[in-house]
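Presented below is the structure to which this report refers.
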Amino acid sequence: MSEVASPVSLTTLSTELRHKVLASVIWTSTATLYNHLDLFFQAPRVRLRDDWDIWVPTTPPQPPALSLLLTCRILRYDVQYLLNSSTAQSHPYEIDIVFIAKCGLFPTWVCCPLPSQINLDTLQASFRIMDVEDIDDEVPAGRQGEFLSRYHGVSSDFDADNYPNPPPGSWNFYRLLASFLALGPRGLTSPAYQRENRGCLSRSRYSLQHLIISVTSKEETEMDDERQERASGPRRFLLDHNSDLPYGASREDEVFPGPPDNSPYTWTGPTKLETVRGMYGHAGRLTLGHADRYGLYLANTLWALLDFKWLSRGFGLMVYESILDDITFYVDGKPRPRFGMDDLLSLEPLKHRTLTPEVAAALQVWKEWVMKWRSKLRERSMLDEPRPSFAFVRYLPASMADPNEYPESDSDSMSGSDV
């Protein structure tokens with residue numbers, strides 16, 4: 001009589017094989033990437049915060065590792081080992097962010113970390129550009145305009161005339177980043193969690209070694225070709241007449257001029273920025289493909305943060321305190337500037353109207369502290385020394401809904417802040 005084979009379970013596999021199986025589960029995609037019709041027909045999204053043009057699913061994704069941690073002691077130990085091993089470095093966490101002019105950002109976790117993972121190796125923010133017209137052209141008859149009506153943004157254009165109220169469109173991404181660094185993955189998915197922690201975005205609890213910002217061009221469709229036949233001018237890939245995307249919008253080159261000439265951080269796209277800025281709005285907008293333009297604007301806004309400019313100064317402190325190695329931009333898979341955080345910290349801030357001797361002295365005290373802070377984070381430990389207090393910091397721009405609101409200010413910074 002033949003013996004009946006014993007059933008094989010995950011816990012009876014060899015450690016090496018079990019780790020391979022668990023890794024394939026931990027870093028599996030937690031959501032399917034949406035196309036423009038998915039965004040229209042899916043369950044309605046809600047604002048992450050009332051004054052932000054960031055629209056999140058009503059049901060946030062659950063990290064696959066979470067259910068494994070709740071199974072048994074052996075698998076819990078294995079999962080914790082994998083999350084802290086070198087294996088994790090080859091599996092970046094990723095958030096997909098759809099940008100739709102006039103509406104804002106639609107983020108969805110593709111690979112979501114656990115809330116307990118406070119020190120991550122790599123986070124990739126993958127931007128895709130869509131147009132309201134793509135949705136209106138393919139929805140059922142009589143429903144055109146419904147998407148824009150449902151998700152109409154209050155601060156998603158790039159006109160800087162009234163900066164910082166309302167803030168230009170790129171701020172929405174850096175609000176997402178601030179939320180993640182302070183609140184973790186729940187800060188990007190839960191409006192209720194945002195409300196509970198509304199005054200806590202000035203203190204980072206999470207850190208990254210690498211942040212990748214990748215922008216992908218909108219794919220040309222048959223609908224684009226048909227619209228092109230009905231209209232004169234360049235292909236719609238260049239977003240002709242669309243002032244909702246940067247370069248061409250009013251005063252953006254004054255508010256966010258980007259790094260100085262010959263800096264290693266200047267944009268490295270196919271068209272020189274000086275060429276675009278030498279043109280009037282319409283001609284300038286036709287010069288850069290829209291993915292390059294959006295990436296360029298995100299990079300120049302980042303430079304304003306890291307150079308301690310104006311209202312963005314406090315947020316720049318957060319970025320330095322939380323991102324340890326670099327921030328790298330890609331457009332359609334091709335590398336653009338890399339911002340090395342250690343190198344940037346060693347630079348002297350450019351002279352600016354708000355860089356008074358008092359501010360410069362305070363920044364120097366903070367720099368000495370942050371170098372020790374970053375060293376401790378690399379060792380996966382915490383510095384037992386409080387962050388220097390500032391009397392001039394705003395951590396995020398005020399909203400259009402309440403321009404007098406200062407919920408993200410440092411607790412000691414409520415006096416005399418005109419920056």
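Just so you know, residue 1 is the first one in the sequence shown, and it goes up from there.
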- Message: Using modelled atom types and a 3.5 Å cut-off, is there a donor and acceptor pairing between side-chain atoms of Ser179 and backbone atoms of Arg175?
- Response: yes
- Message: Under a 3.5 Å distance rule, please check whether Arg47 uses its side chain to pair with a backbone N or O of Trp52 as donor and acceptor.
- Response: yes
- Closest approach of Leu306 to Tyr320 (non-hydrogen atoms, all atoms of both residues): O-OH, 2.9 Å
- Query: Under 3.5 Å, is there a donor-acceptor pair between the Tyr206 and Gln117 side chains?
  - Reply: no
- Task: Using the ring-ring contact (aromatic ring centres under 6.0 Å, His included) rule, collect all pairs that involve residues 184-205, keeping only residues at least two apart or in two chains.
- Result: none
- Start with the C-alpha distance between Ile95 and Thr108, add both sets of side-chain angles, then the distance that settles side chain to side chain contact (heavy atoms under 4.5 Å, CB included), and finish with yes or no. CA-CA 6 Å; Ile95 185 167; Thr108 305; 5.9 Å; no
- Can Asp96 and Trp109 be counted as having a side-chain donor-acceptor contact under 3.5 angstrom? no
- Task: Report yes or no: does Gln144 contribute a side-chain atom to a donor-acceptor pair with the main-chain N or O of Gly142 at less than 3.5 Å?
- Result: yes
- Message: To the closest 0.5 Å, what do you measure between CG (Asn84) and CG (Asp121)?
- Response: 12.0 Å
- Query: By salt bridge (Lys or Arg N to Asp or Glu O under 4.0 Å), which residues pair with Arg338, not counting sequence neighbours?
  - Reply: Asp325, Asp326
- Message: Between the side chains of Arg374 and Asp342, is the shortest nitrogen-to-carboxylate-oxygen separation below 4.0 Å, so that they form an ion pair?
- Response: yes
- Message: Side chains of Tyr81 and Val79, heavy atoms from C-beta outward: is any pair under 4.5 Å?
- Response: no
- Note on the structure: Shortest non-hydrogen pair, Ser263 vs Thr266, comes out as O-OG1, 3.0 Å
- Query: With sequence neighbours excluded, what pairs up with Arg186 under the salt bridge (Lys or Arg N to Asp or Glu O under 4.0 Å) test?
  - Reply: none
- Would you indicate whether the side-chain heavy atoms of Thr59 and Thr189 approach each other to under 4.5 Å? no
- Side chain Gln194, main chain Gly187, donor-acceptor under 3.5 Å: yes
- Does the Trp373 side chain pair with the main chain of Glu321, one donor and one acceptor, at a distance under 3.5 Å? yes
- Query: Does the side chain of Asp343 reach to within under 4.5 Å of the side chain of Leu347, using non-hydrogen atoms?
  - Reply: no
- Which heavy atom in Val98 sits nearest to a heavy atom in Leu39, and how many Å separate them? CG1-CD1, 3.8 Å
- Message: Check Asp50 with Arg195, please: is the shortest side-chain N to carboxylate O separation under 4.0 Å?
- Response: no
- Message: With a 4.5 Å cut-off on side-chain heavy atoms, are Val110 and Tyr93 touching?
- Response: no
- Once you round to the nearest 0.5 Å, how far does CG of Leu69 lie from OH of Tyr77? 14.0 Å
- Does a side chain donor of either Ser126 or Glu94 reach within less than 3.5 Å of an acceptor in the other side chain? yes
- Between Leu377 and Leu383, is a side chain to side chain contact (heavy atoms under 4.5 Å, CB included) present by the stated rule, with each step listed? CA-CA 8 Å; Leu377 282 181; Leu383 178 67; over 6 Å; no
- Item | Residues, nucleotides or ligands: over 12 heavy atoms within 6.0 Å of Glu16 CD | no
- Task: Taking atom NZ of Lys334 as the centre, report whether more than 12 heavy atoms of other residues, nucleotides or ligands fall under 6.0 Å from it.
- Result: no
- With no hydrogens and no angle check, is any side-chain donor or acceptor of Ser322 less than 3.5 Å from a backbone partner on Met318? yes
- Side-chain ion pair, Glu146 and Arg150, N-O less than 4.0 Å: yes
- Task: Answer yes or no: is there a donor N or O on one side and an acceptor on the other, between the side chain of Trp55 and the main chain of Cys103, under 3.5 Å?
- Result: yes
- Message: Please determine whether side chain to side chain contact (heavy atoms under 4.5 Å, CB included) holds for the pair Val331 and Phe329, giving the CA-CA distance in whole Å, both sets of side-chain angles, and the decisive distance to 0.1 Å.
- Response: CA-CA 7 Å; Val331 172; Phe329 287 82; 6.0 Å; no
- Between the CZ atom in Arg380 and the CG atom in Asn119, the distance rounded to the nearest 0.5 Å is 4.5 Å
- Donor-acceptor contact present, side-chain Lys367 to main-chain Leu345, <3.5 Å: yes
- Could you tell me how the ring of Phe339 sits relative to the ring of Tyr265: parallel (under 30°), tilted (30 to 60°) or perpendicular (over 60°)? parallel
- Atom CH2 in Trp267, atom CZ in Arg336: separation rounded to 0.5 Å? 6.0 Å
- Task: With the side chain counted from C-beta on, respond yes when Gln209 and Leu120 share a heavy-atom pair under 4.5 Å apart, and no when they do not.
- Result: no
- Query: Are the side chains of Leu324 and Met341 in touch, meaning some heavy atoms are under 4.5 Å apart?
  - Reply: no
- Item | Presence of salt bridge, Arg143 and Asp136, under 4.0 angstrom | no
- Query: What closest approach, in Å, do Pro63 and Leu114 show between heavy atoms, and which atom pair accounts for it?
  - Reply: CB-CD2, 3.9 Å
- Query: Are side-chain heavy atoms of Ile129 and Val215 found at a separation under 4.5 Å?
  - Reply: yes
- Task: Could you tell me whether the side chain of Arg49 and the main chain of Pro191 form a donor-acceptor pair under 3.5 Å?
- Result: no
- Spacing of Leu48 atom CG and Leu176 atom CG [to the nearest 0.5 Å]: 6.5 Å
- Item | Min side-chain heavy-atom separation Pro107-Leu188 under 4.5 Å | no
- Item | Tyr151 and Phe106 aromatic centres sub-6.0 Å | yes
- Message: Evaluate Phe127 against Phe173 for ring-ring contact (aromatic ring centres under 6.0 Å, His included), listing each step before the verdict.
- Response: CA-CA 10 Å; Phe127 282 88; Phe173 168 64; 5.1 Å; yes
- Starting from the C-alpha separation in whole Å, work towards a yes-or-no answer on salt bridge (charged side-chain N to carboxylate O under 4.0 Å, His left out) for Asp384 and Lys376. CA-CA 9 Å; Asp384 187 19; Lys376 283 292 186 180; over 6 Å; no
- Under the side chain to side chain contact (heavy atoms under 4.5 Å, CB included) rule, what do Leu22 and Leu68 come out as? Steps first, then yes or no, please. CA-CA 8 Å; Leu22 290 173; Leu68 293 172; 3.9 Å; yes
- Mind listing the closest non-hydrogen atom pair of Leu82 and His19 along with its distance? CD1-O, 3.7 Å
- Task: Could you grab the distance from atom SG of Cys111 to atom CH2 of Trp27, nearest 0.5 Å is fine?
- Result: 8.5 Å
- Note on the structure: For Ile323 and Leu211 the tightest heavy-atom approach is CD1-CD2, 3.9 Å
- Message: Closer than 3.5 angstrom, by distance alone: can the side chain of Trp369 be matched with the main-chain N or O of Pro386 as a donor-acceptor pair?
- Response: yes
